[in-house]
Novice: 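What follows is a single structure, and I will ask about it in a moment.
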Amino acid sequence: MDYQNIIVETHGRVGLIRLNRPKQLNALNDALVDELGHALDVFEADEGIGAIVITGSEKAFAAGADIAAMANFSYMDAYKGNYITRNWERVKTCRKPVIAAVAGFALGGGCELAMMCDLIIAADNAKFGQPEVKLGILPGAGGTQRLPRAVGKAKAMEMCLTGRFMDAEEAERSGLVARVVPAERLLEDALETAKTIASYSLPVVMMIKECVNRAYESPLNEGLLFERRTFHSSFALEDQKEGMAAFLEKRAPQFKHR
Ligand code: HXC
C-alpha cells in the first residue's frame with residue numbers, strides 16, 4: 001500500500017508508524033485510520049516484528065478526528081457508516097504490544113487512539129484532552145470509558161465536561177501515561193522500550209497483554225482464573241524451558257519464538 005497519511009519504518013524488531021498529516025495536526029480521517037490499520041496488519045503478520053510504536057509529530061500526536069470531514073455529517077451518515085469505530089478498533093485488536101509515543105496534542109480521537117494502545121509514553125510537552133463538548137459532540141472512540149479507567153471518575157468527568165487539557169506531568173501523576181521523558185528523547189525512549197519488549201518470547205508477551213487487558217474486561221475472579229490458566233500454559237512453551245535454563249546456567253536466554 002502506498003501510504004499518504006502515515007510513514008512506516010522498522011527498527012530491528014520494532015515497527016514504527018508515524019502519523020503524518022502535519023498541516024492538520026494529524027487530524028484523523030478515514031484514509032489515515034485505514035492506512036494505520038493496514039500497517040498494523042502488516043506488522044502483525046511479520047514474524048520479524050515483536051512490538052509496535054505509534055507516534056505523531058513534535059507538535060501533535062493527533063488533534064482529534066478530522067472536524068472538516070465530519071462537520072456536515074447527518075445522523076444517518078454517522079450511524080450507517082458506523083462512524084467512527086468502523087476502522088478504529090484495529091489498534092485494540094492488535095495482538096502484539098503497541099506503544100503510543102505522544103508529543104504535543106493528543107485530543108479527542110487522538111487521546112482515544114493513544115488510550116487504545118497498550119501503554120503511553122509522553123513527551124514533557126504532551127497535552128491530553130477530550131474537548132468534543134466544545135464542538136457540540138461527545139467522545140466516540142472510548143473517551144468516556146477508557147479515560148475514567150485510566151485517571152478515575154473525577155478527572156475524567158471534569159475533562160470530558162469542560163474540555164480542559166491535562167499536561168504530561170498531571171497525566172503521569174494520574175496514571176494515564178507510563179512515563180514522561182524530555183520531548184527530544186521521546187522516540188528514542190519509546191523505541192528502546194519497544195525493543196526490550198520485542199527481545200522477549202513473543203507468545204509470552206502476547207499472553208501478558210491478554211491477561212492485563214482481562215483486568216479491564218472481566219470481574220476479578222474471572223481475570224485471576226484466566227491469568228492462572230494462561231500461566232499454566234506457559235509451561236508448554238519451549239521459551240519457558242530456555243528462559244529458566246538460561247537463568248540457572250547464568251547466561252542470556254536465546255528465545256526461539258521471538
Ligand atoms: C481538522 C484540524 C484539527 C481537527 C487542528 N486542525 N485540529 N483540522 N480536525 N481535529 C487544523 C486547523 O484547522 C488548522 O488548519 C491546523 O490544523 C492548525 O491548527 P491551529 O488551530 O491553527 O493550531 P493551534 O492554534 O496551535 O491550536 C492547536 C489546537 C487546535 C489546540 C490543537 O487546532 C484545536 O483545538 N483543534 C481541535 C481539537 C479538537 O477539538 N479535537 C477533537 C475533535 S472531535 P488551517 O487550515 O487553519 O491551518 C473528535 C471526535 C472523536 O476527535 C470521535 C470519535 C473518534
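Excluded from the calculations below are hydrogen atoms, water molecules and symmetry mates; all remaining heavy atoms, backbone and side chain alike, are included. Quick caveat, the model's predicted, so the values are computed rather than measured. Both ligands and their constituent atoms are indexed starting at 1 by order of listing. Residue numbers run from 1 in the order of the sequence given.
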Novice: Between ligand 1 and Lys23, can you find any atom pair, the residue atom being a heavy atom, that is separated by under 4.0 Å?
Specialist: yes
Novice: Parallel, tilted or perpendicular for Phe231 and Phe235, by the 30°/60° rule?
Specialist: perpendicular
Novice: Going by an N to O cut-off under 4.0 Å, is there a salt bridge joining Lys256 and Asp239?
Specialist: no
Novice: What atoms of ligand 1 come closer than 4.0 angstrom to any heavy atom of Leu107?
Specialist: 32 (C), 38 (C)
Novice: Is there a polar contact, in the sense of an N or O pair closer than 3.5 Å, between Phe165 and ligand 1?
Specialist: no
Novice: Atom 44 (S) of ligand 1: which of Met70, Arg21, Gln24 has the nearest heavy atom?
Specialist: Met70
Novice: Within the structure, is a non-hydrogen atom of Lys134 found at a distance of less than 4.0 Å from ligand 1?
Specialist: no
Novice: Does the N or O separation between Ile137 and ligand 1 drop below 3.5 Å for any pair?
Specialist: no
Novice: Can you see whether Arg179 engages Thr193 through a side-chain donor-acceptor pair at a distance of less than 3.5 angstrom?
Specialist: yes
Novice: Which residues satisfy the side chain to side chain contact (heavy atoms under 4.5 Å, CB included) test with Leu202, sequence neighbours excluded?
Specialist: Lys96, Met206
Novice: Answer whether the closest heavy-atom distance between the side chains of Asp30 and Asn87 falls below 4.5 Å.
Specialist: yes
Novice: If you measure every N or O of Ala65 against every N or O of ligand 1, does any of those distances drop under 3.5 Å?
Specialist: yes
Novice: Compute both the distance and the angle, then confirm whether Lys134 meets the cation-pi test with Phe165: under 6.0 Å from the six-membered ring centre, within 45 degrees of the axis.
Specialist: yes
Novice: Should the proximity of Leu28 to ligand 1, defined as any heavy atom under 4.0 Å, be assigned to the side chain, the backbone, both, or neither?
Specialist: neither
Novice: Is any side-chain heavy atom of Leu186 closer than 4.5 Å to one of Val102?
Specialist: no
Novice: I need the atoms of ligand 1 closer than 4.0 Å to a non-hydrogen atom of Ala141, numbered in the order shown.
Specialist: 54 (C), 55 (C)
Novice: Among Gly108, Ala63, Gly140, whose heavy atom sits nearest atom 39 (C) of ligand 1?
Specialist: Ala63
Novice: Suppose I only count heavy atoms of Glu132 and a 4.0 Å limit; which atoms of ligand 1 are within that range?
Specialist: 44 (S), 49 (C), 50 (C), 51 (C), 52 (O)
Novice: If you measure every N or O of Trp88 against every N or O of ligand 1, does any of those distances drop under 3.5 Å?
Specialist: no
Novice: Which of the atoms of ligand 1 are close to Leu135, meaning less than 4.0 Å from one of its heavy atoms?
Specialist: 40 (O), 43 (C), 44 (S)
Novice: Are side-chain heavy atoms of Ile52 and Val14 found at a separation under 4.5 Å?
Specialist: no
Novice: Pro22: which residues meet the side chain to side chain contact (heavy atoms under 4.5 Å, CB included) condition with it, sequence neighbours left out?
Specialist: Asn20
Novice: Under 4.0 Å, counting heavy atoms only: does Pro131 come that close to any atom of ligand 1?
Specialist: yes
